[in-house]
2 protein chains.
Amino acid sequence: MEDRKYTILLADDEKEIVDLLSLYLENAGFSVIGVFNGKEAFDVLCRKDAFIDAAVLDIMMPGMDGYTLVRKIRETSNMPILILSARSDDSGKILGLDLGADDYITKPFNPLEITARVQAQLRRYYRLNAPAAQAQERITAGGLVLDRASCTLTKNGREIPLTAIEYRILCLLMENRGRVFTKSRIYEHVWGGDFYESDDNTVMVHISKLRDKIEDDPRNPVYLKTVRGLGYRFEKEK
Amino acid sequence: MEDRKYTILLADDEKEIVDLLSLYLENAGFSVIGVFNGKEAFDVLCRKDAFIDAAVLDIMMPGMDGYTLVRKIRETSNMPILILSARSDDSGKILGLDLGADDYITKPFNPLEITARVQAQLRRYYRLNAPAAQAQERITAGGLVLDRASCTLTKNGREIPLTAIEYRILCLLMENRGRVFTKSRIYEHVWGGDFYESDDNTVMVHISKLRDKIEDDPRNPVYLKTVRGLGYRFEKEK
DNA sequence: CGCAGCCTTAAAATTACCTTAAAAAATGCC
DNA sequence: GGCATTTTTTAAGGTAATTTTAAGGCTGCG
C-alpha cells in the first residue's frame with residue numbers, strides 16, 4: 001500500500017451505520033467522507049477538491065439509489081465500489097455486481113470485515129492500476145500525430161481539421177492500435193446507446209470521410225484498414 | 001476481439017460442489033478446470049498449457065489448504081481469487097482477504113452469485129490490467145499464431161489472409177484445441193441460427209479452404225483434423 | 001463391394017463495403 | 001431570434017470479395 005491516506009466515500013441513510021463504519025475505517029487509517037443519501041454522494045464525487053479512492057454505498061437511499069450511483073460512477077471511474085444492503089435476495093446482489101460494483105455485503109455485517117474488504121479492494125486497485133497505465137497525450141503513427149490534450153490531428157506537421165465524430169473514432173482506433181473493432185462497437189463507444197442495423201451505414205460514412213482526411217490514397221488505406229466481415233483496425237506501426 | 005473464453009480453476013474437496021459450480025460457470029461461458037484438493041490445484045497452476053484467468057478455492061482442502069494456495073498464487077500472479085468456506089467466523093474471512101484473496105463467500109451459496117462475482121472480478125481485472133489481457137489474445141500452435149485482437153493469423157511470421165468465416169471457424173477450433181466439433185456445432189457457433197442438412201456442405205467447403213491456407217499439405221492435414229463420422233478437431237500442440 | 005461421409009473445385013448468388021449526394025440536424029455568428 | 005454554415009444522418013448505386021450451391025470424385029468402414 002502507498003503511504004498516503006486513502007479517502008473513502010461512505011453513503012448510507014442510516015446515520016448509525018455511517019458513524020460506526022467511519023470509526024472503524026478511520027481507525028484503520030482511512031479518511032472518510034460520510035453522507036446520508038445518493039444525491040449527496042454524487043455531489044461529493046463531482047467535487048474537484050475531494051479525490052475519492054473507494055466508495056461504500058448503501059443500495060436503498062433517498063435522492064439516488066445505489067444502483068444508479070454505481071452506474072454513474074462507472075461512466076468515469078474504475079474506483080473500487082462496495083455495496084451494502086439489507087436485501088438478502090441474490091438477484092439484487094447480481095444486479096449490483098453486473099452494474100460494476102466490486103463487492104456486495106449484506107447487513108448486518110462486521111465492520112472489521114468491511115474494513116478488510118475495502119483494504120483488499122484498494123490493494124488490488126493500486127497494484128493493478130500502475131503508473132504505466134498513465135494515458136499518453138500524443139499518439140504517433142507514421143506522419144500522423146494525434147494530440148489528445150488539444151484534440152487535434154496533424155499529418156506531416158500540418159493540422160487536419162476533424163469533426164467531433166471523426167476525432168472520436170480516430171481516437172478510439174489509435175488508442176487501440178492493431179485491435180479490430182466492429183462497426184457496432186465503434187458506434188457504442190463513440191455515440192453511446194444501442195446500435196441498430198441502420199447505424200451501420202452511418203459509421204461507414206464517417207470512416208470514409210476520415211480516410212479522405214488521413215490517407216494519402218483513401219481507396220487504398222494504409223492506416224485505417226477494413227477487416228472485411230469483422231470491422232476496422234488502425235494499423236500498428238511497423 | 002473481446003469475447004474470448006476465460007478459464008476458471010475450481011478447487012473444492014466436495015465433488016458435488018465442483019460439479020454444480022462447473023455447470024453454472026460453463027453455462028455462463030467459462031471454461032472450467034475442476035480439482036479436488038489443494039495440491040492438484042497448485043499443479044494445474046504450474047502447467048504451461050493451461051492459462052488460468054481466475055481461481056475459486058475452498059479453504060479446507062487436503063493436500064494444501066486454501067490459505068497456503070492463495071499465498072503461493074500471489075507470489076507470482078495477480079489473478080482474481082475467490083475463496084469458498086463453510087467457516088462463518090470473520091477472522092477467517094479477514095485472514096483470507098489479507099493474504100490476497102479478492103473475495104470470500106461462505107457456504108451455502110447460490111451458484112449464480114458465485115458466477116456473478118467471478119464475472120465482476122474478471123471484468124475488473126482485465127479492465128485494470130491491459131497487458132495481461134493482451135497476452136491472452138494470442139493462440140500459438142506450431143508455426144501458427146492466431147491473434148484475436150487484430151483478428152489475424154500468421155504462419156511462420158507471415159500473415160495469412162482469412163475471410164471472416166474462416167477466421168471464426170479457426171478461432172472456435174483453436175480456442176478449443178483437442179475438442180471435436182460436429183459440423184452442426186461449428187455452424188451454430190459461427191453462423192448462429194439453425195443448422196440444416198444442406199449446410200453440411202457449406203461447412204466442409206470452408207474447412208477445405210481453411211486447410212489450403214494453414215496446412216503445409218492440405219490433403220494430409222496436421223492441424224485441422226477430421227474425425228470421421230463425428231466432426232473436426234484442431235490438434236493439441238505437441 | 002457398396003455406400004455414407006468427406007473433399008475439392010468452380011460457378012452462381014449474395015453480401016459487405018465504399019462513395020456520393022441530398023436531407024436533416026446542429027452549431028455559431030450577428 | 002434568424003440565418004448561414006457545418007456536421008451528421010439517410011439514401012442509393014456500384015463493385016469486389018465472400019459465401020453458398022452443385023457436382024464429380026475420393027476414402028474408410030461394415
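Hydrogens, waters and symmetry mates play no part in the numbers below; they use all other heavy atoms, side chains included. So you know, we letter chains A, B, ... as the sequences are listed, proteins then strands, and number each from 1. Note that the structure is a prediction, hence the values are computed from the model and not measured.
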Minimum-distance nucleotide to B/Tyr232 side chain [options: C/dC17, C/dC6, D/dT10]
C/dC6
Specify the separation, in whole Å, of atom CD1 of A/Ile207 and atom C1' of C/dT20.
17 Å
When you get a sec, tell me which of D/dA22, D/dT8, D/dA17 is the closest nucleotide to the side chain of B/Val205?
D/dA22
Where do A/Asp103 and A/Gln121 come nearest, in terms of heavy atoms and distance?
CB-NE2, 4.0 Å
Looking only at side-chain N and O atoms, does A/Thr226 come under 4.0 Å of OP1 or OP2 in C/dA16?
no
Name the orientation class of the two ring planes belonging to A/Phe234 and A/Tyr223 (parallel below 30°, tilted from 30 to 60°, perpendicular beyond 60°).
parallel
Any side-chain N or O of B/Thr163 below 4.0 angstrom from OP1/OP2 of D/dA17?
no
D/dT19 phosphate, OP1 or OP2: any side-chain N/O from B/Trp191 under 4.0 angstrom?
no
Rounded to whole angstrom units, what separation is found between the NZ atom of B/Lys209 and the C1' atom of D/dT18?
9 Å
Do the charged groups of B/Arg117 and A/Asp102 touch, with an N to O distance under 4.0 Å?
no
For atom CG of B/Asn201 and atom P of C/dT9, their distance in whole Å:
14 Å
Counting only side-chain nitrogens and oxygens, does A/Lys183 get under 4.0 Å of the OP1 or OP2 atom of C/dC17?
yes
Non-hydrogen atoms of B/Ala28 and B/Gln119 that approach each other most closely:
CB-NE2, 4.0 Å
Specify the separation, in whole Å, of atom CD of A/Glu197 and atom C1' of D/dT10.
15 Å
Measure the acute angle between the ring planes of A/His189 and A/Phe181, then classify it against the limits of 30° and 60° as parallel, tilted or perpendicular.
perpendicular
B/Arg211 side chain N/O closer than 4.0 Å to the phosphate oxygens (OP1, OP2) of C/dC7?
yes
Taking the side chain of A/Ser208 as its heavy atoms from C-beta onward, which of D/dT18, C/dC6, C/dT19 lies nearest to it?
C/dT19
Would you kindly give the CD1-to-C1' distance between A/Ile169 and D/dT9, to the nearest whole Å?
13 Å
Nearest-angstrom distance from the residue atom CG of A/Leu210 to C1' of C/dT19
15 Å
Side-chain atoms of B/His206 come closest, of D/dT19, C/dC6, C/dT20, to D/dT19
Applying a 4.0 Å non-hydrogen cut-off, can you work out what A/Thr202 is touching in the nucleic acid: base, sugar-phosphate, or nothing?
base
Are any of B/Arg219's side-chain N or O atoms less than 4.0 Å away from OP1 or OP2 of D/dG25?
no
Quickly work out the B/Asn220 CG to D/dG28 C1' distance and round it to whole Å.
15 Å
Round to a whole Å and report the spacing from CG of B/Leu162 to P of C/dA16.
18 Å
In a check of ring-ring contact (aromatic ring centres under 6.0 Å, His included) between A/His206 and each of A/Tyr167, A/Trp191, A/Tyr232, which one passes?
A/Trp191
Starting at the 5' end of DNA chain C and moving along, which residue's nearest nucleotide shows up first, A/Arg228 or B/Arg228?
B/Arg228
Which listed nucleotide (D/dT9, C/dC17, C/dC6) is nearest to the side chain of A/Ile165?
D/dT9
